[in-house]
Amino acid sequence: MSTVGKVIKCKAAVLWEIKKPFSIEEVEVAPPKANEVRIKMVATGVCRSDDHVISGSLVTPLPAILGHEAAGIVESIGEGVTTVKPGDKVIPLFTPQCRNCNVCKHPEGNFCLKSDLNFSRGTLQDGTTRFTCRGKPIHHFLGTSTFSQYTVVDEISVAKIDAASPLEKVCLIGCGFTTGYGSAVKVGKVTPGSTCAVFGLGGVGLSVIIGCKAAGAARIIGVDINKGKFEKAKELGATECISPQDFKKPIEEVLQEMSGGGVDFSFEVIGRLDTMMAALSCCQGAYGVSVIVGVPPDSQNLSLNPMLLLGGRTWKGAVFGGFKSRDSVPKLVADFMAKKFPLDPLITHVLPFEKINEAFDLLRSGKSIRTVLTF
Ligand code: COD
Ligand code: ZN
């Protein structure tokens, strides 16, 4: 029996309040309105930013259905939708691309003004929600809400991908992989033969390493206090790995010495102010580029000696690896299908969707790089 135009009853993980586990509930998912798309979820990754909502350090209206790194199949479309159709494989996009705002129209900008990260309304673009549970409206999260068997997204927040792509792998292109990879190839614009330093070897840091390697870097130095992370980093392209705890002098001095005066590109993929300063300082003073990927807790501030920049260094940051989402995600999936980069080494656990709380325990304990939940 067709579900088109009807409310779908299905299972979703609802977060009722912060610092509590998800509860798997029966929810009602309304049909898509004009310019909206209803998606049957196939796989979703579990990302640190979802956990930041649970801990309270990323604020979004609750109760909500979280999740923003996923892949699925279009079930039905609302009036006026032209870029996807029922049956298409798609990736929901937590950074939309409206193609009309100043950012979308700028050749370099990707942080679309329609992003819910800007306002955190917890709704679709029309200001309402499509989810109901126990008679109460449930908020969306970043316009994606992938911790549900079905979700509704705006057309500006979804990209059609290759029909042959394995959804339980390419879901990582929806956030973690792309954030790291793009930070190297698109934001830092790593050049062939260069020397790079990557601070933090979690899933996103490893994706930065994959990007540095793809861009042809000659040396990629991984930096982490957990030496257990070194093996995989080397497998993915790090040429050396060091722990700041093995040195008496500051790590930026160690890296300057290792690189004969400063690395060409550095990346902070931890989310700490001290490592952001170390990453900035370790890059070459006249032409080095340092990219911030991590987000520090509770909007902390840095103070800076402007001399660090006056010599010619560049300091930058971006969301979603600087990629315009609807333009780039289909290309990234095509690149994965063409074996231009791997995703398998990033996926350490695969669990059924119902075990979502277990997946977050794995994330918090540091035992997983990425857990993919399958529906
Ligand atoms: N020095 C060196 N390494 C350290 C230090 C330190 N002082 N402290 C921790 N580390 C290492 C840890 O041992 C770990 O290996 C690594 O740093 C961090 O890895 P993870 O697994 O905790 O994190 P990732 O790779 O999954 O994600 C890291 C981010 C910084 C990207 C993430 O936490 C974040 O801030 N995300 C928000 C960025 C974003 O764009 N969000 C948009 C939607 S997701
Ligand atoms: Zn994420």
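Just follow the structure's listing: the first ligand is 1, and inside any ligand the first atom is 1.
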Problem set entry | the Zn ion (ligand 2) neighbourhood, protein N/O/S only, threshold under 2.8 Å | Cys47 SG, His68 NE2, Cys175 SG
For this session: Heavy-atom contacts with Gly200 under 4.0 Å: which atoms of ligand 1 show up? List them by number with element.
Result: 16 (C), 17 (O)
Problem set entry | Side chains of Asp264 and Gln284, donor plus acceptor under 3.5 Å | no
Seminar exercise, completed: of all protein heavy atoms, closest to atom 20 (P) of ligand 1 is Arg48 NH2, 3.5 Å
For this session: Looking only at distances, please establish whether an N/O atom of ligand 1 is found under 3.5 Å from an N/O atom of Gly271.
Result: no
Exercise. What residue and atom, counting heavy atoms only, is the protein's closest point to atom 44 (S) of ligand 1, and at what distance?
Worked result: Ser49 OG, 2.7 Å
Exercise. Please state which protein non-hydrogen atom is closest to atom 30 (C) of ligand 1 and give its distance, to 0.1 Å?
Worked result: Gly294 CA, 3.2 Å
Exercise. Do the rings of Phe320 and Phe323 sit parallel, tilted or perpendicular, given the 30° and 60° boundaries?
Worked result: perpendicular
Exercise. Which part of Glu69 is near ligand 1, with near meaning a heavy atom under 4.0 Å away: side chain, backbone, both or neither?
Worked result: neither
Exercise. Among protein heavy atoms, which lies nearest atom 16 (C) of ligand 1, and at what distance?
Worked result: Asp224 OD2, 3.6 Å
Seminar exercise, completed: heavy-atom search around atom 7 (N) of ligand 1 in the protein gives Arg272 NE, 3.5 Å
For this session: For Asn102, look at atom CG and say whether over 12 heavy atoms of other residues, nucleotides or ligands are found less than 6.0 Å away.
Result: no
For this session: Run the salt-bridge test on Asp154 and Lys114 with the 4.0 Å N-O cut-off and return the result as yes or no.
Result: no
For this session: For atom 18 (C) of ligand 1, grab the closest protein heavy atom and report residue, atom and distance to one decimal in Å.
Result: Val269 O, 4.1 Å
For this session: Check whether any side-chain heavy atom of Val152 lies under 4.5 Å from a side-chain heavy atom of Lys33, and answer yes or no.
Result: no
Problem set entry | His68 near ligand 1 by a heavy-atom separation under 4.0 Å | yes
Seminar exercise, completed: of all protein heavy atoms, closest to atom 19 (O) of ligand 1 is Gly202 CA, 3.4 Å
Problem set entry | salt_bridge(Arg219, Glu240) N-O dist < 4.0 Å | yes
Exercise. Do Ser266 and Ser290 meet the criterion of a side-chain donor-acceptor pair at a distance under 3.5 Å?
Worked result: yes
Problem set entry | ligand 1 N/O within reach of Gly203 N/O, cut-off under 3.5 Å | yes
Exercise. Out of curiosity, is Phe94 lining ligand 1, as in a heavy atom under 4.0 Å away?
Worked result: yes
For this session: Would you indicate whether the side-chain heavy atoms of Val53 and Phe141 approach each other to under 4.5 Å?
Result: yes
Exercise. Can Glu75 and Lys40 be said to form a salt bridge (charged side-chain N to carboxylate O under 4.0 Å, His left out), step by step?
Worked result: CA-CA 6 Å; Glu75 174 269 340; Lys40 184 179 197 303; over 6 Å; no
Exercise. Will you find, in the side chains of Thr374 and Glu168, an N or O donor that is under 3.5 Å from an N or O acceptor?
Worked result: no
Exercise. Are Phe341 and Phe177 an aromatic pair by the rule of ring centers under 6.0 Å?
Worked result: yes
Problem set entry | Val295 N/O to ligand 1 N/O under 3.5 Å | yes
Exercise. Nearest to atom 9 (C) of ligand 1, what protein heavy atom do you find, and at what distance?
Worked result: Ile270 CG2, 3.6 Å
Exercise. Charged N to carboxylate O under 4.0 angstrom, Asp162 versus Lys89?
Worked result: no
